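First comes the structure, then the notes that go with it.
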Amino acid sequence: MPILAQEIARRIGARGSTAGFGPGPRSVSGFASRRQGGLADGLSTMSRTLVKDALNAAAPMDAILLQGWVRTRRDAKAFSFIELNDGSCLKGIQIVADAALPDYAHITKANTGASLEVRGKLVESKGSGQKWEVVATGFTVLGEADVTYPLQKKGHTMEFLREIAHLRPRSNLFGAVFRVRSRLAYAIHQFFQDKGFYYVHTPIVTASDAEGAGDMFRVTTLDLANPPKTEDGAIDHAKDFFGKKTFLTVSGQLEAEIFACALSNVYTFGPTFRAENSHTSRHASEFWMIEPEVAFCDLNGDMDLAEEFVKYLIRDIRSHCPGDLEFFAKFVDKDLLARLDFVLNQPFKRCSYTEAIEILGQSGKTWEHPVSWGDNLQSEHERYLTEEHFKCPVTVYNYPRAIKAFYMRQTDGCAEGRETVAAMDLLVPGIGEIIGGSQREERLDKLRAGMVLHHLDEKNYWWYLDLRRFGTVPHAGFGLGFERMLMFVTGVGNIRDVIPFARTPGTAEF
RNA sequence: UGCCCGGUAGCUCAGUGGCAGAGCAGGUGACUGUUAAUCACUUGGUCGCUGGUUCGAUCCCAGCCCGGGCAGCCA
């Protein structure tokens with residue numbers, strides 16, 4: 001985190017109006033020595049000001065350099081208005097270019113989508129609608145954009161923009177989404193680092209293939225057209241790169257447990273891969289997941305942490321991305337801000353799986369999938385609980401043992417036929433499950449029994465069992481879907497629209 | 001993977017078994033401290049692909065491809 005903070009401080013420079021990436025300090029001489037402008041033949045030597053900083057300026061500036069992309073241009077007889085956006089924030093800044101400028105003839109090259117460098121003065125705007133504007137003293141069209149530039153000033157569907165994922169970050173919506181994505185990632189590290197958690201990098205290539213989290217992508221260097229065979233004709237995986245079958249990870253949890261049982265409080269944050277043939281708005285083949293793992297912690301502590309975590313993230317985005325959130329509230333989800341604030345101000349509801357089954361049974365609803373103790377809660381059930389019954393994020397805990405993973409801690413004192421494990425799912429309105437977690441089975445004999453129940457071979461988990469042989473401790477953790485959290489916080493309804501370049505079945509473009 | 005909906009101009013969509021439509025974008029002109037500017041005129045089409053029915057198919061039928069929604073799987 002200190003490294004991140006330093007890095008960001010370095011890149012942004014001293015806060016205020018002169019921040020930039022430009023070489024050397026801002027200087028009027030650099031500005032003055034500049035050629036008069038026109039078409040691209042090099043960058044200015046003057047230090048650049050980001051649009052964000054220009055818009056937040058406290059006072060006029062005699063000399064300013066802006067670089068960005070033209071959103072729209074409105075020509076008048078004697079001058080032209082250009083809205084310039086550089087992605088530093090949602091808003092663009094208005095440039096006023098007088099027809100008397102030496103290179104004004106080139107203004108027609110500054111079409112929507114063109115990249116532009118503008119030199120001028122930051123002054124209070126004469127028009128309404130903005131506080132500041134830049135009166136250009138010169139400009140350079142660095143890269144033209146012809147009429148085939150696909151982004152228009154209005155009216156694009158998400159589906160269309162998805163097909164031009166290389167240009168959609170230049171749109172208002174996706175600029176906002178990816179600025180929030182960046183901040184959310186930062187907030188995740190900040191939350192855990194401030195609480196004394198250590199960041200663990202768990203492997204992306206793994207040989208563990210039975211964590212019950214879904215189908216896995218194979219990783220191999222074998223010649224698929226002519227793989228090596230064993231004597232009985234099967235593919236000889238011993239000849240593969242790692243000497244065994246390997247896959248892309250579906251979870252870093254088991255490895256995180258190793259580190260929790262050494263550093264006490266750890267978290268992972270990295271890419272995860274699922275080869276499920278899922279076609280829904282909330283599933284992707286490649287997504288990012290945060291998996292905290294805490295030693296000396298039970299299920300209640302786990303649920304507390306999950307709630308504190310989710311609220312922290314919402315609060316952070318609420319206070320650090322106000323402009324982008326307002327945009328989402330205006331164009332994506334009218335109720336967004338009210339919902340986020342509501343979530344912040346409520347203790348999350350908690351109910352056991354058994355209670356949930358009772359609530360669903362007494363709801364008076366007719367369910368497409370019948371409600372029965374021992375069956376998984378279906379989407380319609382989860383949605384009812386969080387959106388209609390509790391109208392609030394709700395954590396459901398203690399699920400039937402038979403439908404949950406082998407490593408989850410068996411609940412003591414269950415009635416015959418009603419055995420549960422210490423699992424929990426956090427459900428939120430609109431998205432459904434955003435967190436899944438559990439207290440892990442720390443008792444060696446119970447864990448081995450669980451592995452038998454799930455038909456797992458102990459030989460593949462010898463190291464996992466060792467954690468219970470040597471200094472075992474109660475511990476717990478959960479997985480938060482990064483993109484699902486981002487959907488919740490932005491109101492964007494499709495996971496493909498909160499991932500820069502989404503991977504879904506049949507799609508790996510860009 | 002199952003069920004449902006869709007594919008017509010650059011974008012968003014209407015439409016019909018018989019000459020292919022609108023709004024926006026683009027172009028031209030006018031006007032304007034404009035800001036999704038406005039007004040007039042205007043360019044623009046393999047109607048997803050393949051096959052079938054028909055005198056004639058963008059329209060009806062079949063198969064395929066692509067996109068979306070819901071469900072399952074899960075985060």
Side-chain angles (χ1 to χ4, degrees), chain A residues 71-84 91-98 108 111-113 123-130 133 135 145-164 171-172 211-216 250-253 271-291 306 331 367-369 375-383 403-405 425-428 431-437 478-488 493-499 504-507 509:
Chain A
R71 280 296 172 80
T72 180
R73 196 184 81 237
R74 296 174 292 275
D75 293 334
K77 187 168 279 178
F79 44 82
S80 184
F81 294 109
I82 296 168
E83 187 186 335
L84 192 74
K91 290 197 161 112
I93 192 163
Q94 174 158 290
I95 311 292
V96 186
D98 193 280
T108 56
N111 291 323
T112 300
V123 301
E124 287 193 36
S125 179
K126 283 187 231 168
S128 59
Q130 59 278 318
E133 66 186 16
V135 175
D146 69 16
V147 299
T148 62
Y149 183 65
L151 285 174
Q152 296 172 9
K153 280 179 263 184
K154 61 178 176 180
H156 290 302
T157 59
M158 307 282 257
E159 291 76 23
F160 171 70
L161 290 167
R162 233 172 260 158
E163 292 168 7
I164 51 167
S171 68
N172 284 333
E211 291 164 24
D215 293 341
M216 303 178 84
V250 293
S251 165
Q253 179 204 313
T272 310
F273 307 88
R274 304 275 168 92
E276 295 288 345
N277 194 12
S278 296
H279 291 272
T280 80
S281 55
R282 60 189 195 284
H283 288 86
S285 309
E286 176 181 315
F287 63 98
W288 283 56
M289 188 157 62
I290 301 98
E291 296 180 287
F331 292 106
W367 303 108
E368 193 178 323
H369 301 88
D375 291 345
N376 245 319
L377 295 181
Q378 304 297 310
S379 265
E380 57 173 340
H381 306 144
E382 294 183 342
R383 232 182 299 124
I403 59 172
K404 287 293 181 181
D425 284 351
L426 175 58
L427 314 175
V428 297
I431 313 273
E433 183 180 342
I434 199 168
I435 278 179
F478 61 80
L480 170 76
F482 180 61
E483 284 81 6
R484 288 190 183 171
M485 188 67 210
L486 192 52
M487 290 168 74
F488 186 70
N494 195 310
I495 199 167
R496 298 171 184 90
D497 298 323
V498 296
I499 301 178
T504 52
T507 303
E509 191 66 62

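Each chain gets a letter, A, B and so on, in the order the sequences are listed, and its residues count up from 1. Note that the coordinates shown come from a computational prediction; the quantities given were computed from them, not determined experimentally.
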**Request:** Report which part of the nucleic acid A:Ser125 touches: base, sugar-phosphate, or nothing (heavy-atom distance under 4.0 Å, all strands).
**Result:** base
**Request:** Sugar-phosphate means primed atoms, P, OP1 and OP2; the rest is base. With that split, encode nucleotides 3-9 of chain B 5' to 3' as B, S or - using protein heavy atoms under 4.0 Å.
**Result:** -------
**Pairing pattern in dot-bracket form [Watson-Crick, G-U; both distances under 3.5 Å; | = partner strand] for RNA chain B** = (((((((..((((....[..)))).(((((.......))))).....(((((..]....))))))))))))....
**Asked** For A:Phe79, what residues pass the ring pair (Phe, Tyr, Trp, His ring centres under 6.0 Å) criterion, not counting sequence neighbours?
**Response** A:Phe81
**Item:** Listed partners of A:Val123 passing side-chain contact (heavy atoms from CB on, under 4.5 Å), at least two apart
**Value:** A:Lys121, A:Glu133, A:Val135
**Prompt:** Which of these nucleotides, B:U34, B:G72, B:A75, is closest to any side-chain atom of A:Glu133?
**Reply:** B:U34
**Asked** Hey, does A:Thr112 reach any base, or is it just sugar-phosphate, or nothing, if we go heavy atoms under 4.0 Å?
**Response** nothing
**Prompt:** In chain order, what residues pass the ring pair (Phe, Tyr, Trp, His ring centres under 6.0 Å) check against A:Phe287, with sequence neighbours excluded?
**Reply:** none
**Prompt:** With sequence neighbours left out, what residues match A:Arg71 under salt bridge (Lys or Arg N to Asp or Glu O under 4.0 Å)?
**Reply:** none
**Request:** Go through the N and O atoms of the side chain of A:Arg282 and the base of B:A75, and report whether any donor-acceptor pair is under 3.5 Å.
**Result:** no
**side chain to side chain donor-acceptor pair (under 3.5 Å) partners of A:Asn277, counting only residues at least two apart** = A:His279
**Complete:** Across all chains, not counting sequence neighbours, the ring pair (Phe, Tyr, Trp, His ring centres under 6.0 Å) partners of A:Phe488 are none
**Item:** Residues that A:Thr72 engages under side chain to side chain donor-acceptor pair (under 3.5 Å), provided they are two or more places apart
**Value:** A:Lys153
**Quiz item: A:His156 side-chain donor-acceptor pair to B:C11 base, under 3.5 Å** = no
**Message:** Using the side chain to side chain donor-acceptor pair (under 3.5 Å) criterion, which residues pair with A:Thr280? Sequence neighbours excluded.
**Reply:** A:His283
Below 3.5 Å is the cut-off: list the nitrogen or oxygen pairs between protein and nucleotides 65-68 of chain B, distance only.
residue: B:G68; atom: OP1; partner: A:Arg162; partner atom: NH1; Å: 2.5

**Request:** Mind checking side chain to side chain donor-acceptor pair (under 3.5 Å) for A:Ser379 and listing every partner two or more places apart, or none if nothing turns up?
**Result:** A:Arg282
